[in-house]
Enquirer: 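Please see the structure below; I have some questions.
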Number of protein chains: 2
Amino acid sequence: MNSSASTKERILTAAELLFAQRGFDGASLRQLTAAAGVNLAAVNYHFGSKDKLVEEVFRRRLDTLNAHRLAALSKVSGRADTTLDDVLDAFIRPALALSSDGSGSLFMRVLARAFAEHDDHLRQFLSENYGHVMRQFTAEFARLLPRLSREELYWRIDLVTGALTHAMSGFGMIQRKSDVSEASHREQTVAHLIRFAAAGLSHP
Amino acid sequence: MNSSASTKERILTAAELLFAQRGFDGASLRQLTAAAGVNLAAVNYHFGSKDKLVEEVFRRRLDTLNAHRLAALSKVSGRADTTLDDVLDAFIRPALALSSDGSGSLFMRVLARAFAEHDDHLRQFLSENYGHVMRQFTAEFARLLPRLSREELYWRIDLVTGALTHAMSGFGMIQRKSDVSEASHREQTVAHLIRFAAAGLSHP
DNA sequence: CAGGGAATCAAACGATCGTTTGAGCATACG
DNA sequence: CGTATGCTCAAACGATCGTTTGATTCCCTG
């Protein structure tokens with residue numbers, strides 16, 4: 001573990017890894033603080049409780065992820081020449097960029113766990129802090145797919161969300177071949193997911 | 001809890017509910033046996049350990065689910081006039097039938113949890129016992145989508161799996177309107193998922 | 001009716017959990 | 001220099017975990 005980072009950062013990084021590997025319940029504070037190289041009491045001192053630590057793990061990544069998503073969306077939102085692919089790109093590319101920077105894909109696995117857990121408290125936290133992002137994207141999807149009823153649109157967005165979360169949490173993610181650069185591999189993956197999502201959203 | 005069922009069945013039913021609600025770690029044997037109305041020691045007596053109980057929860061549902069899937073697949077497999085929708089129907093309909101019979105949708109949530117957990121032991125158990133089903137469906141998809149490379153096919157099947165698991169675990173599942181019968185609502189949902197999956201699998 | 005294996009029971013086992021405590025250490029300010 | 005202040009530390013707290021034990025009850029068979 002990087003001993004130059006602050007105690008809080010080291011805890012957050014170790015927590016992200018262990019939450020991805022063993023789940024929120026499965027990862028104990030003793031494993032976690034040992035991996036981070038800090039004292040057991042440091043979690044409660046700096047974050048208050050284990051639950052607050054979980055929230056901070058989400059906040060740290062989702063703050064930048066959603067900022068990037070909204071920035072990308074604002075560039076294409078409302079324009080007459082915007083395509084469905086443009087909006088999906090704004091949604092998918094920032095998440096994949098997160099997955100590429102070292103430990104980033106771990107966070108998508110943590111997010112997949114949060115979806116699988118039907119924990120009310122965690123869902124409310126995510127909804128309160130980051131629901132507006134989904135709302136903005138949904139509005140733009142609705143504009144580009146006027147043929148779909150609200151019910152139909154929600155259905156398809158939900159299915160696409162499931163597919164993307166599943167894929168980006170690293171399940172069947174095709175391994176990068178050694179003769180392909182990291183950047184071009186990511187570009188291929190983005191194109192891949194966009195094509196799938198666009199087909200699922202806009203099929204007749 | 002149904003006091004007429006056997007102790008093993010009552011444990012399995014209560015376990016399915018609590019595993020869906022709180023996860024495999026989060027649901028304790030004390031909560032579980034109390035909900036089932038049996039003694040704490042009954043789990044270890046009848047199943048050997050908590051891990052074995054988890055496996056039995058999967059086995060009970062997947063045995064019949066996969067039998068139905070393979071039976072439906074065998075009716076359309078290899079025929080010249082079989083369509084993609086036919087194969088998807090064979091895959092989706094049995095799962096949705098499971099979701100409809102009372103506590104069945106709980107099992108899809110348990111399955112979604114199993115996907116989110118990257119637990120090696122559980123994944124190996126599922127692969128060993130039920131991997132052949134996915135292999136048979138994959139072979140049939142490959143036959144009907146000869147244009148796709150193996151890599152491309154695996155990608156799309158993985159994305160579809162994520163979408164279906166996500167949806168059937170009851171996330172955004174549209175509530176049945178009171179003026180629609182259960183049977184016709186299920187029929188609509190099957191058609192819905194098939195259309196989405198077909199679009200995602202076969203798009204150009 | 002007597003005997004015996006299967007099932008259930010209350011109770012306890014050691015281990016591990018999240019959290020709290022109070023002493024000890026560092027650095028910065030009057 | 002003395003003393004706040006922020007942080008780290010080992011140790012302990014009570015609670016809960018999965019599992020085991022040994023006695024007791026149940027029910028079938030000979």
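Fair warning: this is a prediction, and the values are worked out from it, not measured in the lab.
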Enquirer: Measure the distance from CZ on B:Arg22 to P on D:dG18 and round it to the nearest whole Å.
Expert: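 Result: 12 Å.
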
Enquirer: Taking CD1 from B:Ile11 and C1' from C:dC9, how many angstroms apart are they, rounded to a whole number?
Expert: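 The answer, rounded to whole Å, is 13 Å.
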
Enquirer: Ring of B:Phe91, cation from B:Arg69 - is the NZ or CZ under 6.0 Å from the centre and inside 45° of the axis?
Expert: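 Ring-cation test returns yes.
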
Enquirer: For B:Arg30 and D:dT20, what is the distance between atoms CZ and C1' respectively, to the nearest whole Å?
Expert: 12 Å

Enquirer: What's the CG-P distance between B:Leu32 and D:dT16, to the nearest Å?
Expert: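 The distance from CG of B:Leu32 to P of D:dT16 comes to 17 Å, rounded to the nearest Å.
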
Enquirer: Answer yes or no: does a side-chain N or O of A:Ser28 lie under 4.0 Å from OP1 or OP2 of C:dT16?
Expert: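 Checking C:dT16 against A:Ser28, no side-chain N or O comes under 4.0 Å of OP1 or OP2.
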
Enquirer: Among C:dT8, C:dG18, D:dG18, which nucleotide sits nearest the side chain of A:Lys50?
Expert: C:dG18

Enquirer: So B:Ala41, base contact, sugar-phosphate only, or nothing? Heavy-atom distance under 4.0 Å.
Expert: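 Result for B:Ala41 = base.
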
Enquirer: It should be established whether B:Ser49 places a side-chain nitrogen or oxygen under 4.0 Å from OP1 or OP2 of nucleotide D:dG18.
Expert: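 So the side chain of B:Ser49 is outside the cut-off, no N or O lying under 4.0 Å from OP1 or OP2 of D:dG18.
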
Enquirer: Whole Å only: how far is the CG atom of B:Asn44 from the C1' atom of C:dA10?
Expert: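 The distance from CG of B:Asn44 to C1' of C:dA10 comes to 15 Å, rounded to the nearest Å.
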
Enquirer: Aromatic rings B:Trp155 and A:His192: how do their planes relate, parallel, tilted or perpendicular, breaks at 30° and 60°?
Expert: parallel

Enquirer: D:dT20, D:dT8, D:dA12: which one has an atom nearest the side-chain heavy atoms of A:Leu40?
Expert: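 Of D:dT20, D:dT8, D:dA12, D:dA12 is nearest to the side chain of A:Leu40.
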
Enquirer: Round to a whole Å and report the spacing from CG of A:Asp25 to C1' of D:dT16.
Expert: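 The distance from CG of A:Asp25 to C1' of D:dT16 comes to 13 Å, rounded to the nearest Å.
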
Enquirer: Would one find a side-chain N or O of A:Asn39 under 4.0 angstrom from OP1 or OP2 of D:dC7?
Expert: no

Enquirer: Choose from C:dG18, D:dT8, C:dT8 the nucleotide whose nearest atom is closest to any side-chain atom of B:Thr7.
Expert: C:dT8

Enquirer: Strictly below 4.0 Å: does B:His46 bring a side-chain N or O up to OP1 or OP2 of C:dT8?
Expert: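 Answer yes for this pair, as a side-chain N or O of B:His46 is under 4.0 Å from OP1 or OP2.
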
Enquirer: Please determine whether a side-chain nitrogen of the Lys or Arg among B:Arg93 and B:Asp89 lies less than 4.0 Å from a carboxylate oxygen of the Asp or Glu.
Expert: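 Yes, this pair counts.
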
Enquirer: Does the pair A:Asp63 and A:Tyr130 meet the rule for a side chain to side chain donor-acceptor pair (under 3.5 Å), with working shown?
Expert: CA-CA 9 Å; A:Asp63 274 349; A:Tyr130 309 102; 3.3 Å; yes

Enquirer: Provide, to the nearest angstrom, the distance between the OH atom belonging to A:Tyr45 and the P atom belonging to C:dG22.
Expert: 16 Å

Enquirer: How close or far is atom P of D:dC17 from atom CZ of B:Phe24, stated in whole angstroms?
Expert: 17 Å

Enquirer: Would you mind telling me which of C:dA10, C:dC17, D:dT19 lies closest to the side-chain atoms of B:Leu29?
Expert: D:dT19

Enquirer: Quick one: side chain to side chain contact (heavy atoms under 4.5 Å, CB included) partners of B:Ser202, sequence neighbours excluded?
Expert: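 Here the qualifying residues are B:Leu84, B:Leu145.
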
